[in-house]
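Letters A, B, ... mirror the listed sequences (proteins, then strands); counts begin at 1.
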Amino acid sequence: MADTEDDNSALASFFPDPPLFWKAFTPSNLQAYAEIKQQYASQHGIPVEDVIRVPDLPADSDLIYLQPPAEPKDGTWRLYGEPQSLEESLQPLESAGIERLGPPLPGSTTTSDTQTTTDSQSTTQPTTDDTQPTSQLPLPPPSTSITAPATSSGAPSTQTHDTLHLHLKRLSKSLLLNFLELLGIMSLDPAAGSQKAADLRTLFLNFHHVLNEYRPHQAREQLIQLMQERLDQTRAETAANRAVAEKARRVLEGLGSVEIPAVDVNVAGAGVGDGDGGYGSAAVPVPVGARTGTTVGDRRVGVDGEGAEEEERRYWEREGMGWGVLDAEFA
Amino acid sequence: MSDRLSQLQEAVDQLMEQFIATYFYIDRHHDLKTFSPKDTIAPSKADQPPEVDTLPPDVFQAGQLELARDLITREQQIEYLISSLPGLDNSEQDQLQSIKELEEELNVAEKQRQEAVKEKDEVLVKLDQTLRSIRRY
């Protein structure tokens, strides 16, 4: 208890002192810790960035301050006096001290006899004549009828949520009606309004609770939707790819079926020469007879004699046929 | 744009806010009545803010009407959202089943897609070669 005075002075100071372990963050310690981390990572075959905590550090060294503490073993801890838990779970309404209206959602194991709780509530709490008949409005007679199928069927995982619509709509209608009643009561006897306000509160909490219970279902539903979309997308892509490939193949086949006239060596030589100039202009088919030997596209070709003219004509015939087939395929 | 469940939750919260707003509107702007002819309404003291800010009856009525309409509209929104919640007919087992099926289908479709891409590439190369050879004539 020698530190009592120090503690007091620490408490009295305006700003709290830094945690005691701040001195452990020396450059040498940091480096040593980085090395240990590196070593641990290479031992376990994981990237260094993924190492959050190296277990089994020597307890007496300052190095243990350089990493976050381990998770609590029992999964619970206290923060500002509030118990916290590693497992995030939806607290059942009953344990929060709120009466449940309507049937429990399939999957949740809590069951409560709501009818009796409301009865006891309305008898124990003094109510005005105005409120008594309506305070049970959240529990209309049909609510017992939906409780029956919900509790009778055995396997919760195969249950559907088809009663949820009805239940939620009932709750929302009850909200409106209770608000109307609240206004009516407040206009007559403001002191009696608190109970109606409490009813409203219960209704709202129930509504939200039901929605929260529905969350996991919604999440799965959304996943299904996403996967379906992805599937459609993939299939569409496949189909588009196949279509293009098919089209290209047809073009190839069309080209293959074009009969290419036999070409003698002279003609082939001339053809190569003309090919560069004629390539672009040949895409517009020109009647073969209309062509003169001297002008090919935009380019003048020196032609001497009938034989050369004949070669020219045959070349363009070939070319025109080839491109004609291509045009037809891509049309 | 959040999912429908969140929209529904927000709508419910807004409904509650509207309740409160409506309540305060009426609380603030109602008129004063006397119980018997002998009662008088005490004039509010000058140094204190008046407890109620009485509006003319027609304005008050119109305000009430508007607030009531808003409440009904919100209620209808909520009910619409409720009826459009997805997948209420599916149980958890159904959902898991369809997730599994979709996963398999996705794998198959992905393989097919890759094949199709490969096929397309091959044809493309072929077409390219053919075009080049045509050009050479």
Side-chain angles (χ1 to χ4, degrees), chain A residues 106-107 155-162 164-165 168-169 172-173 175-176 179 182-183 186-187 200 204 207-208 211-212 214-218 220-225 227-228 230-231 234-235 237-242 244-245 248-249 251-252 255 260 263 268 271-272 275 279 315 318-319 322, chain B residues 3-6 8-9 11-13 15-16 18-19 22-23 26-27 30 71-72 74-75 78-79 81-83 85-96 98-99 101-103 105-106 108-110 112-124 126-127 130-131 134-137:
Chain A
S157 65
T158 54
Q159 271 183 354
T160 61
H161 297 256
D162 43 4
L164 189 77
H165 282 155
L168 282 177
K169 279 186 184 168
S172 61
K173 285 237 165 53
L175 276 174
L176 263 195
F179 181 64
L182 174 70
L183 287 184
M186 291 305 274
S187 68
L200 267 175
F204 270 118
F207 203 108
H208 275 298
L211 289 185
N212 282 332
Y214 178 70
R215 272 270 171 219
H217 188 88
Q218 151 95 9
R220 284 191 293 268
E221 202 62 38
Q222 210 153 14
L223 177 64
I224 290 176
Q225 223 171 326
M227 289 172 87
Q228 189 67 52
R230 174 96 189 107
L231 188 60
T234 313
R235 284 192 173 147
E237 210 182 316
T238 309
N241 270 330
R242 289 227 166 112
V244 168
R249 202 176 288 129
V251 170
L252 284 175
L255 282 180
I260 301 175
V263 183
V272 171
Y279 191 67
Y315 165 73
R318 251 187 2 255
E319 194 85 322
Chain B
D3 58 294
R4 284 178 208 154
L5 203 57
S6 307
L8 188 50
Q9 281 179 329
V12 173
D13 284 345
L15 181 70
M16 182 163 68
Q18 277 177 288
F19 280 173
T22 310
Y23 182 86
I26 295 175
D27 187 44
H30 68 82
L71 280 180
I72 298 295
R74 181 70 63 199
E75 173 77 13
I78 288 174
E79 289 194 11
L81 280 171
I82 289 173
S83 42
L85 281 180
L88 287 182
D89 304 333
N90 302 338
S91 70
E92 192 178 334
Q93 222 169 39
D94 295 344
Q95 288 179 323
L96 293 180
S98 49
I99 288 175
E101 283 169 11
L102 278 171
E103 208 177 336
E105 280 181 50
L106 263 179
V108 174
E110 180 62 22
Q112 282 175 346
R113 189 185 70 87
Q114 281 171 359
E115 276 169 25
V117 168
K118 224 166 94 188
E119 194 184 328
K120 186 199 72 178
D121 287 345
E122 280 168 11
V123 173
L124 196 69
K126 240 193 218 162
L127 188 65
T130 314
L131 284 179
I134 286 176
R135 207 187 149 188
R136 224 172 281 133
Y137 278 121

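Under the rule for a side chain to side chain contact (heavy atoms under 4.5 Å, CB included), A:Gln225 has no partner lying at least two apart in sequence or in another chain.
Residues B:Leu8 and A:Tyr214 form no side-chain contact, since every pair of their non-hydrogen atoms from C-beta on lies 4.5 Å or further apart. Annotation: side chain of A:Asn241 is not in contact with side chain of B:Glu119 (no heavy-atom distance under 4.5 Å). Using a 4.5 Å heavy-atom threshold, the side chains of A:Asn212 and B:Gln9 count as touching. Two residues are said to be in side-chain contact when any heavy atoms from C-beta on lie closer than 4.5 Å; A:Gln228 and B:Ser98 fail this criterion. The side-chain heavy atoms of B:Lys120 and B:Leu124, taken from C-beta on, include no pair separated by under 4.5 Å.
For B:Leu106, the parts lying near chain A are the backbone and the side chain together; criterion is any non-hydrogen pair under 4.5 Å. Contacts between B:Leu96 and chain A at a heavy-atom distance below 4.5 Å involve the side chain alone, from C-beta outward. Using a 4.5 Å cut-off between heavy atoms, A:Leu183 touches chain B through its side chain atoms alone. For chain A, the nearby part of B:Glu75 is the side chain; its heavy atoms alone come within less than 4.5 Å. Residue contact with chain A, scored on non-hydrogen atoms closer than 4.5 Å, involves the backbone and the side chain of B:Glu103 alike. Of the two parts of B:Ile99, the backbone and the side chain both hold a non-hydrogen atom closer than 4.5 Å to a non-hydrogen atom of chain A. Contacts between A:Leu211 and chain B at a heavy-atom distance below 4.5 Å involve backbone atoms as well as side-chain atoms.
Here A:Gln218 is the residue among A:Arg242, A:Arg230, A:Arg249, A:Gln218 with the most heavy-atom pairs under 4.5 Å with chain B. Counting heavy-atom pairs closer than 4.5 Å to chain B, the top residue among A:Leu168, A:Val244, A:Leu252 is A:Leu252. Taking A:Arg215, A:Met186, A:Arg235 one by one and counting their heavy-atom pairs under 4.5 Å with chain B, the maximum is reached by A:Arg215.
For B:Glu110 and B:Arg113, the salt-bridge test passes: some basic side-chain N is under 4.0 Å from an acidic carboxylate O.
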